[in-house]
K.L.:
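To start, I am sharing the structure in question, which I have written as structure tokens.
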Amino acid sequence: MKGNQKDSSEKPIWDRSSSGISMTRPGRLIIWLILFISVTYIIYTLKIVSTTHPCEDLTSESILQQRPEKKAVTVTVKAVPAEQEATDLNHVVFGIAASSKLWKQRKEYIKIWYKPKKMRGYVWLDEEVKIKSETGDQESLPSVRISGDTSSFPYTNKQGHRSAIRISRIVSETLMSLDSESKKNVRWFVMGDDDTVFVTDNLIRVLRKYDHEQMYYIGSLSESHLQNIFFSYGMAYGGGGFAISYPLAVALSKMQDQCIQRYPALYGSDDRMQACMAELGVPLTKEIGFHQYDVHGNLFGLLAAHPITPFVSMHHLDVVEPIFPNMTRVRAIKKLTTPMKIDSAALLQQSICYDKHKSWTISVSWGFAVQVFRGSFSPREMEMPSRTFLNWYKRADYTAYAFNTRPVSRNHCQKPFVFHMSSAKFDPQLNTTVSEYTRHRVPQPACRWDMANPEEINTIVVYKKTDPHLWNRSPRRNCCRVLQTKRNNTLWINVGVCRAGEVTEVNVNGIVVTVARTRGRMRRISSTGNRVGGEGGVWEVIRGEAIDVDERRKEIVVGGGRRREVVRRRRGDP
């Protein structure tokens, strides 16, 4: 039993000692781990304390101040240049195609418009000519140059002449003839013929519309529909003149000789130029103030109804009749320069008005002519050129033109009384231009219409204020007003910008007849001026002696037998 007690007494001792040994080993490991961590923490803390900056006040201001500063960036701002100088004559170089055989007479056309002190240009001839100092040629003409040899270029068109190659290269040769200093101020090259007359002020007005730093090919078409078909509706006709911007001229000069080699079968110089423009991808920009005038006869109808655009040029002056009667061609053009110097912007611009008291239609082509018609013509009719001319192939074919025309009236009562410009001046007291127009005396058959006779008028005086900014506004025809006067042989007219609400209203002071639908071909109606009842279309006629209505032909005629003349077709009919 004692033994059992001993054993029992020793067992816990053994257990305690063994348990103590087992608890001591992991405890030491934990102690060493804690010591290691503590030492590491202390060292790390001391390192942080020794290397960091002292704490700062983290206010909003301090936070903003602590943001990284951006490096200063120096931005070079180019000074805005002053508004670019407007295009003027000193920015234009003219290239004029001329022939030595025709130089003697055609140089007179160049003298009319070319001013050597204000302009730059060259006349390009095929052969040398004598320049006579006693005639003033050196002082009043551009410098004369001889075109380069073109014999190496092929030309196979049997109907044309190989001088077309020489003429087509004039723009390139003009560019190459300029020195580096002269090129700096060039914006445009303008091409024309020796029988071309330019209105240079209007030319500048047109060129100012375009950016000279871009590629532009500016000109107009032929008046002949057939000519445009044979050559191109996308080609500028050089006789009427065309303009090429400087960048386009540079591009053209680099490729033109190779381009010409590819088109030996073309007829003239203009189609060769257009072919090269097509290769460059530059289309024609149309300005209808350039006039080729591919017509024969009298230009009166075209000049008296000029389109609403600046009158820039005219060509073929040796082919058509003088623009003023009883004068040489050169003298007639010189006469036109008188109003040109006073108000070039308004030259040949048409105005239409009515004398309601006398039942007249009046058309003013400022600086050129005034027409007075018996009766009432609508503005739509009056703005169409009357066919006083023949087409380029000398045929009286109204379908041969590239624009609308109207026939010359066969009824002698409807033929216009024409008054040509005799003088023009600027009146400083009235601050307006005063132009006089004198009647062109031609035999006028008697007219039995019951209305005032324009034959009583000898002189027409037109008052018009100068308007140099006319083409800075949207295109619109000027209005004219007939001024009442006690002088029976003088007609006074005022021309100017249309007032607010002003409209050119046709004065229908004649007979308006309603035609009934009948089986008979003819029906006579007396000229009572009353409205006749019935169904059908409305007809407008001018007061006359007797009126016949032709139902089948849709015409109204005056008189009978051989004297039957068409007065007016029914409204709405062609």
Side-chain angles (χ1 to χ4, degrees), residues 92-115 119-127 129 137 140-147 150 160-174 188-200 202-203 206 217-224 227-228 231-232 235-244 249 266-274 284 287-296 299 302 311-323 329-330 332-334 336 392:
V92 177
V93 179
F94 292 92
I96 303 170
S99 168
S100 57
K101 294 180 180 179
L102 300 173
W103 176 246
K104 185 176 181 180
Q105 66 257 33
R106 290 192 172 178
K107 66 181 180 181
E108 300 301 323
Y109 293 126
I110 303 175
K111 290 180 181 179
I112 294 173
W113 64 270
Y114 189 82
K115 308 302 177 190
M119 306 177 191
R120 287 184 292 173
Y122 302 97
V123 173
W124 294 91
L125 290 164
D126 50 347
E127 296 177 2
V129 294
D137 289 355
S140 55
L141 289 171
S143 300
V144 176
R145 300 290 176 92
I146 306 301
S147 298
T150 58
H161 194 276
R162 66 175 300 109
S163 61
I165 298 175
R166 174 185 75 86
I167 296 173
S168 67
R169 300 180 71 250
I170 283 179
V171 172
S172 296
E173 287 191 308
T174 302
W188 297 94
F189 292 90
V190 176
M191 170 78 180
D193 285 356
D194 49 5
D195 61 340
T196 304
V197 171
F198 287 100
V199 182
T200 53
N202 286 340
L203 172 66
V206 170
Y217 169 47
I218 302 172
S220 189
L221 307 177
S222 169
E223 289 74 16
S224 170
Q227 286 283 91
N228 293 328
F231 294 100
S232 174
M235 180 185 84
Y237 282 72
F242 60 82
I244 291 180
L266 294 181
Y267 175 85
S269 59
D270 300 336
D271 45 359
R272 281 175 168 77
M273 179 69 74
Q274 192 270 333
L284 172 65
E287 284 287 347
I288 58 177
F290 292 86
H291 296 292
Q292 174 76 5
Y293 286 146
D294 278 345
V295 296
H296 291 274
L299 286 179
L302 291 168
F311 179 75
V312 176
S313 68
M314 57 193 311
H315 181 229
H316 279 150
L317 299 176
D318 282 346
V319 176
V320 297
E321 298 174 6
I323 62 173
R329 292 176 173 86
V330 173
I333 298 297
K334 286 182 178 180
L336 191 65
W392 189 241

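As the structure is a computational prediction, the values presented were derived from the model and not from experiment.
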K.L.:
Once you measure the plane-to-plane angle for H316 and W392, does it fall in the parallel (<30°), tilted (30-60°) or perpendicular (>60°) bin?
P.N.:
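Parallel.
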
K.L.:
What's the separation between atom OG in S220 and atom NE2 in H291, rounded to the nearest 0.5 Å?
P.N.:
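Nearest 0.5 Å value for the OG-NE2 distance: 7.5 Å.
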
K.L.:
Considering only heavy atoms from C-beta outward, does the side chain of K107 approach that of V123 to under 4.5 Å?
P.N.:
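Not in contact.
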
K.L.:
Work out which heavy atom in L125 is nearest to a heavy atom in V129; give both atom names and the distance.
P.N.:
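Closest approach of L125 to V129, heavy atoms only: CD1-CG2, 3.4 Å.
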
K.L.:
What do the steps show when you test M191 against I170 for side-chain contact (heavy atoms from CB on, under 4.5 Å), and what is the final call?
P.N.:
CA-CA 8 Å; M191 170 78 180; I170 283 179; 3.8 Å; yes

K.L.:
Would you compute the distance between atom OG1 of T196 and atom CD of Q292 and round it to the nearest 0.5 angstrom?
P.N.:
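Taking OG1 in T196 and CD in Q292, the distance rounds to 7.5 Å.
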
K.L.:
Taking atom types as modelled and ignoring hydrogens, do the side chains of H315 and D195 form a donor-acceptor contact shorter than 3.5 angstrom?
P.N.:
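Yes, side-chain donor-acceptor contact under 3.5 Å.
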
K.L.:
Kindly determine whether R169 and S147 satisfy side-chain contact (heavy atoms from CB on, under 4.5 Å), including the steps that lead there.
P.N.:
CA-CA 8 Å; R169 300 180 71 250; S147 298; over 6 Å; no

K.L.:
Which heavy-atom pair separates V330 from I112 by the least distance, and what is that distance?
P.N.:
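So the minimum-distance heavy-atom pair works out to O-CD1, 3.9 Å.
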
K.L.:
Would you check if T200 and M119 make a side-chain contact, meaning some heavy-atom pair closer than 4.5 Å?
P.N.:
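T200 vs M119: side chains touch.
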
K.L.:
May I ask you to test the P142-I96 pair for a side-chain heavy-atom distance under 4.5 Å?
P.N.:
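P142 vs I96: side chains touch.
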
K.L.:
Is the shortest side-chain heavy-atom distance between Y109 and D318 below 4.5 Å?
P.N.:
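Yes, at least one pair of side-chain atoms sits under 4.5 Å.
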
K.L.:
Hey, which of Q227, M273, Q274 is the one that makes side chain to side chain contact (heavy atoms under 4.5 Å, CB included) with M235?
P.N.:
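Of all the options given, the one that passes is Q274.
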
K.L.:
Is a donor on one side and an acceptor on the other found under 3.5 Å between the side chain of S313 and the backbone of V197?
P.N.:
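No: the side chain of S313 does not pair with the backbone of V197.
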
K.L.:
State yes or no: are the ring centers of F290 and F242 separated by less than 6.0 Å?
P.N.:
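For F290 and F242, the ring centres are not under 6.0 Å apart.
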
K.L.:
Do N228 and Y237 meet the criterion of a side-chain donor-acceptor pair at a distance under 3.5 Å?
P.N.:
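There is such a pair between these side chains.
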
K.L.:
Can you tell me how far NE2 of H161 sits from OG of S269, rounded to the nearest 0.5 angstrom?
P.N.:
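Here the rounded value is 12.5 Å.
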
K.L.:
Heavy atoms only: give me the nearest S99-D194 pair and the separation to one decimal.
P.N.:
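For S99 and D194, the tightest heavy-atom pair comes out as N-OD2, 3.4 Å.
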
K.L.:
Could you report the tightest heavy-atom contact between G239 and D270, atom names first, then the distance?
P.N.:
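That closest heavy-atom pairing would be N-OD2, 4.5 Å.
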
K.L.:
Would you tell me whether S168 and R272 have side-chain atoms, one donor and one acceptor, within less than 3.5 Å of each other?
P.N.:
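No - no donor-acceptor pair under 3.5 Å links their side chains.
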
K.L.:
How long is the gap from NZ on K334 to CH2 on W113, to the nearest 0.5 Å?
P.N.:
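Between atom NZ of K334 and atom CH2 of W113 there are 15.5 Å.
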
K.L.:
Between G121 and V93, which heavy-atom pair has the shortest distance, and what is it?
P.N.:
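Of all heavy-atom pairs spanning G121 and V93, the closest is CA-CG1, 4.3 Å.
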
K.L.:
Mind listing the closest non-hydrogen atom pair of R329 and P322 along with its distance?
P.N.:
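Answer, listing the atom of R329 first, then P322: CG-CG, 3.9 Å.
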
K.L.:
Go through the steps for L203 and F94 under the test side-chain contact (heavy atoms from CB on, under 4.5 Å), then give the verdict.
P.N.:
CA-CA 12 Å; L203 172 66; F94 292 92; 3.8 Å; yes

K.L.:
Checking the side chain of D271 only, and the main-chain atoms of S232 only, is there a donor and an acceptor separated by less than 3.5 Å?
P.N.:
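No, because the side chain of D271 does not come within donor-acceptor range (under 3.5 Å) of the backbone of S232.
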
K.L.:
Give a yes or no answer on whether the side chain of R106 reaches the backbone of D193 with a donor-acceptor pair at less than 3.5 Å.
P.N.:
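Side chain of R106 to backbone of D193, a donor-acceptor pair under 3.5 Å: no, none is there.
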
K.L.:
Measure the shortest side-chain to side-chain distance between W103 and I110 over non-hydrogen atoms and say whether it is less than 4.5 angstrom.
P.N.:
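Result yes, sub-4.5 Å side-chain heavy-atom pair found.
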
K.L.:
Would you tell me whether D294 and S224 have side-chain atoms, one donor and one acceptor, within less than 3.5 Å of each other?
P.N.:
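Their side chains do not contain a donor-acceptor pair, so the 3.5 Å distance test is not met.
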
K.L.:
Taking side chain as C-beta onward, heavy atoms only, is M314 less than 4.5 Å from V320?
P.N.:
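The answer is no; the side chains never approach within 4.5 Å.
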
K.L.:
Between V319 and Y293, is a side-chain contact (heavy atoms from CB on, under 4.5 Å) present by the stated rule, with each step listed?
P.N.:
CA-CA 9 Å; V319 176; Y293 286 146; over 6 Å; no

K.L.:
Using a 3.5 Å distance criterion without hydrogens, assess whether the side chain of R162 forms a donor-acceptor pair with backbone atoms of T150.
P.N.:
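Checked: pair present.
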
